[in-house]
Participant: 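One structure coming up, written as structure tokens, with questions to follow.
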Amino acid sequence: MFGYAGRILHVDLTEGRLWVEEPDEAFYRTYWGGSAMGLYYVLKHTPPGIDPFDPRNTLTFFLSATTGVPISGQSRATANAKSPLTGLIGDSQAGGFWPAELKFARFDGIVLYGRAPRPVYLWIHDGEAELRDASHLWGRTTGEVEEILYEELGDDQIEIAQIGPAGERLVRFAAILNMASRAHGRTGLGAVMGSKNLKAIAVRGRWRPPVYDPEALQRLNRQGPAAYEANPAVKNLGVYGTANILAYQNAAGGQPTRNYTSGFFEEADRITGERMAETILKERDTCYACIVRCKRVVETEWNGRKVEPRYGGPEYETLSTFGSYCGVSDLEAIALAHQICAQYGVDTISCGATIAFAMECFERGILSEAEVGFPLRFGDAEAMIRLLEMIVRREGIGDLLAEGSARAAQRLGRGAEDCVVAVKGQELPAHMPQLKRSLALIYAVNPFGADHQSSEHDTLYMPKSPRLFLDRLAALGLTDPQPPRALNEEKIRFAYETQKFYSFLDTADLCQFVFGPSWQLYGPEELVALMRAVTGWEVTLEELMRVGERRLNMMRAFNAREGAGRDRDTLPKRLFEPLKGGKSEGLCVDAAEWEAALTRYYERAGWDPRTGMPTREKLAELGLDWILL
């Protein structure tokens with residue numbers, strides 16, 4: 001096989017036993033890697049109905065054929081397990097150098113079972129693997145662990161995926177970080193790793209994956225610099241990071257503010273990507289072999305506390321959740337919040353949004369000053385930082401909020417449920433379905449909760465969209481661009497087709513800023529060319545979309561085993577309430593329109609429109625009849 005190492009590492013943490021599986025080529029072509037391959041093992045080995053912190057919750061990390069080959073956008077890995085935050089399937093991607101280094105160590109993935117009797121770390125090097133004692137690492141922050149392991153293993157070129165103290169304390173939105181700055185952030189899989197007493201996975205390798213057609217790969221790679229210069233959307237991403245969209249979102253009325261009650265933040269100009277570049281940005285960082293260099297690295301201080309470059313810097317979502325969500329316009333405070341999240345290992349989206357939830361509860365009298373320990377008002381940067389540190393340490397009210405906003409609201413009562421802005425228990429990212437109507441559908445149906453990177457955004461599928469975007473979407477059969485506020489049959493088709501495309505990207509572990517169906521560096525045509533060049537398989541776009549569809553059905557099947565279907569495909573009450581301020585004043589999701597779209601989506605996907613669950617016929621069609629529902 002080309003592209004793959006052909007080897008999957010299995011680790012029984014309870015028994016301390018490790019073994020290597022070498023699947024055949026048919027297995028690889030069916031599941032490809034990433035999410036779908038991880039889901040295969042999760043579905044096989046995680047019993048339905050167990051608690052996410054049960055040792056039987058299988059945790060996986062998977063790469064794909066393209067991981068580690070010399071082209072932009074390929075150094076990504078996917079983690080899967082049952083989510084402590086949602087109680088349903090957990091799924092999260094991360095970039096950096098760790099994914100490529102794991103491939104260089106001659107493994108395509110890792111499957112982890114059980115719970116170690118004491119803290120351990122996994123050391124993988126040049127095709128070998130061993131478990132080592134991690135008692136001296138337990139309680140340490142991510143930066144500290146990196147320094148200790150560099151010295152202990154005698155190599156500062158190793159790459160480390162690890163949890164921080166928040167994962168050890170089972171904060172339900174704990175992350176898994178590599179480079180102390182690249183996060184498997186969403187769905188709380190860091191807490192699963194913590195429940196297994198697994199502190200870190202260190203990797204080092206010198207092998208390189210074979211490629212079927214190196215010349216074709218080189219030709220494709222050479223297109224990158226010219227495409228970067230010619231595409232303002234990608235070039236701005238490189239120069240300003242994902243925060244390049246913040247000013248635009250705010251001007252359009254799509255910048256979530258004060259816990260999603262408004263789409264306009266009056267002080268947004270103080271936290272934009274442009275402002276960051278002018279003030280605290282130290283340099284741009286990258287993932288292995290990528291020319292886009294979109295990662296922020298900042299250096300500053302806040303109230304005498306240093307913000308160090310080793311932890312990267314805040315991206316759009318973090319600037320939003322710790323900024324406009326909380327009504328905070330202090331860029332240095334937000335940068336410190338980002339650093340604390342990276343040191344302790346938590347998802348910045350869920351964490352910042354949970355703090356915004358708590359702020360609204362305080363301002364509405366649901367939480368008292370006696371319960372919190374201090375005033376907790378929108379716009380108070382000091383209160384935001386203080387509460388964040390309580391959450392990552394599970395101290396005081398932080399212990400409750402470490403459960404996530406949905407669980408916290410259930411325990412609080414008193415109307416706190418009205419302040420929750422989450423789907424399936426996972427807090428919403430900073431893209432507003434009130435403006436981007438197809439996201440109202442995708443947020444609801446996405447198996448692991450609200451996610452902004454599970455489909456294309458419909459503001460790119462309008463009659464006046466750039467020709468490059470429309471030509472690429474046409475390759476997916478999308479040739480009838482729609483007005484932005486529509487949620488009609490064509491917009492439902494747009495949501496579903498781009499969801500399948502993005503689902504394949506998460507299976508192929510490709511960066512959605514580099515490969516995609518519209519604005520990205522490379523489009524669908526180049527995606528197919530890449531897969532052929534690396535694997536030698538004569539794939540078509542239709543086959544790749546089918547792989548994406550298979551992954552979606554595997555995730556929905558996992559949820560169905562947990563008894564979850566249409567009943568969990570809901571939106572928070574807040575989205576149906578009119579927004580206040582800015583250009584989005586008065587906008588909301590239309591409940592009847594959205595409910596009708598939900599039924600049509602299920603019908604299009606081949607799922608039971610009554611339950612929202614995959615049918616046995618659909619699973620059999622995708623070769624998934626081994627999954628028992």
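Atoms considered below: every heavy atom in the structure, side chains included; atoms not considered: hydrogens, waters and symmetry mates. What you see is a predicted model; the values in this text were computed from it and never measured.
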Participant: Is it the case that the side chains of Thr142 and Gln343 hold a donor-acceptor pair, with the cut-off being a distance below 3.5 Å and no angle test?
Facilitator: no
Participant: In sequence, state the C-alpha distance, the side-chain angles, and the governing distance for Trp626 and Tyr40, and then conclude on side-chain contact (heavy atoms from CB on, under 4.5 Å).
Facilitator: CA-CA 10 Å; Trp626 54 268; Tyr40 172 84; 3.6 Å; yes
Participant: Answer yes when Arg169 and Glu395 have at least one side-chain N-carboxylate O distance shorter than 4.0 Å, and no when they do not.
Facilitator: no
Participant: Using ring centroids (six-membered ring only for Trp), state whether Phe61 and Trp98 fall under 6.0 Å.
Facilitator: yes
Participant: Take Trp138 and His136, measure what ring-ring contact (aromatic ring centres under 6.0 Å, His included) needs, and give me the verdict at the end.
Facilitator: CA-CA 6 Å; Trp138 209 250; His136 60 307; over 10 Å; no
Participant: Quick one: closest heavy-atom pair of Tyr443 and Val423, and the distance?
Facilitator: O-CG1, 3.2 Å
Participant: If you take the centroid of each ring, where Trp contributes its six-membered ring, are Phe62 and Tyr31 closer together than 6.0 Å?
Facilitator: no
Participant: Parallel, tilted or perpendicular: which describes the rings of Tyr28 and Tyr4, with under 30° parallel and over 60° perpendicular?
Facilitator: tilted
Participant: Do Ser92 and Thr187 meet the criterion of a side-chain donor-acceptor pair at a distance under 3.5 Å?
Facilitator: no
Participant: Side-chain donor-acceptor pair under 3.5 Å between Tyr311 and His338, yes or no?
Facilitator: no
Participant: What closest approach, in Å, do Val445 and Gln499 show between heavy atoms, and which atom pair accounts for it?
Facilitator: CG2-NE2, 4.2 Å
Participant: What are the two closest non-hydrogen atoms of Phe53 and Ser195, and how far apart are they?
Facilitator: CD2-CB, 3.7 Å
Participant: Glu146 and side-chain hydrogen bond (donor to acceptor under 3.5 Å, both in side chains): which partner among Arg140, Arg310, Gln162?
Facilitator: Arg310
Participant: Take the angle between the ring planes of His452 and His431 and call it parallel below 30°, perpendicular above 60°, tilted in between.
Facilitator: parallel
Participant: Output, in order, the C-alpha distance, side-chain angles, deciding distance and verdict of salt bridge (Lys or Arg N to Asp or Glu O under 4.0 Å) for Lys82 and Asp51.
Facilitator: CA-CA 8 Å; Lys82 187 174 186 179; Asp51 187 277; over 6 Å; no
Participant: Would Arg556 and Asp569 pass as an ion pair if we require N to O under 4.0 Å?
Facilitator: yes
Participant: Are Arg17 and Trp19 in a cation-pi contact, defined as NZ or CZ under 6.0 Å from the six-membered ring centre and within 45° of the axis?
Facilitator: yes
Participant: Would you say Asn197 and Glu168 are linked by a side-chain donor-acceptor pair, where the criterion is simply a distance under 3.5 Å?
Facilitator: no
Participant: Indicate whether any N or O donor in one side chain lies under 3.5 Å from an N or O acceptor in the other, for Arg551 and Ser35.
Facilitator: yes
Participant: What closest approach, in Å, do Leu177 and Gly345 show between heavy atoms, and which atom pair accounts for it?
Facilitator: CD1-CA, 3.5 Å
Participant: Just checking, is any N or O donor in the side chain of Asp509 or Thr78 under 3.5 Å from an acceptor N or O on the other one?
Facilitator: yes
Participant: Any salt bridge linking Arg7 with Asp108? Criterion: basic side-chain nitrogen under 4.0 Å from a carboxylate oxygen.
Facilitator: no
Participant: For ring-ring contact (aromatic ring centres under 6.0 Å, His included), just list the numbers for Phe504 and Trp32, CA-CA rounded to whole Å, side-chain angles, deciding distance to a tenth of an Å, and then say yes or no.
Facilitator: CA-CA 9 Å; Phe504 175 75; Trp32 280 80; 5.5 Å; yes
Participant: May I ask you to say whether Arg186 pairs ionically with Asp451, meaning some side-chain N is under 4.0 Å from a carboxylate O?
Facilitator: no
Participant: Do the side chains of Lys103 and Glu101 get close enough for a salt bridge, i.e. N-O under 4.0 angstrom?
Facilitator: no
Participant: Decide whether Thr141 and Glu144 meet the rule of one side-chain donor and one side-chain acceptor closer than 3.5 Å.
Facilitator: yes
Participant: May I ask you to decide if the ring planes of His10 and Tyr113 are parallel, tilted or perpendicular, using 30° and 60° as cut-offs?
Facilitator: parallel
Participant: I want to check a possible cation-pi pair here: Arg204 against Phe104, using under 6.0 Å from ring centre and within 45° of the ring axis as the test.
Facilitator: no
Participant: In plain terms, say whether Asp285 and Arg182 are close enough for a salt bridge, that is, a side-chain N and a carboxylate O under 4.0 Å apart.
Facilitator: yes
Participant: Using a distance-only test with no angle check, is there a side-chain donor-acceptor pair under 3.5 angstrom linking Asn446 and Ser454?
Facilitator: yes
Participant: Run the salt bridge (charged side-chain N to carboxylate O under 4.0 Å, His left out) test against Glu159 and tell me which residues pass, sequence neighbours left out.
Facilitator: none
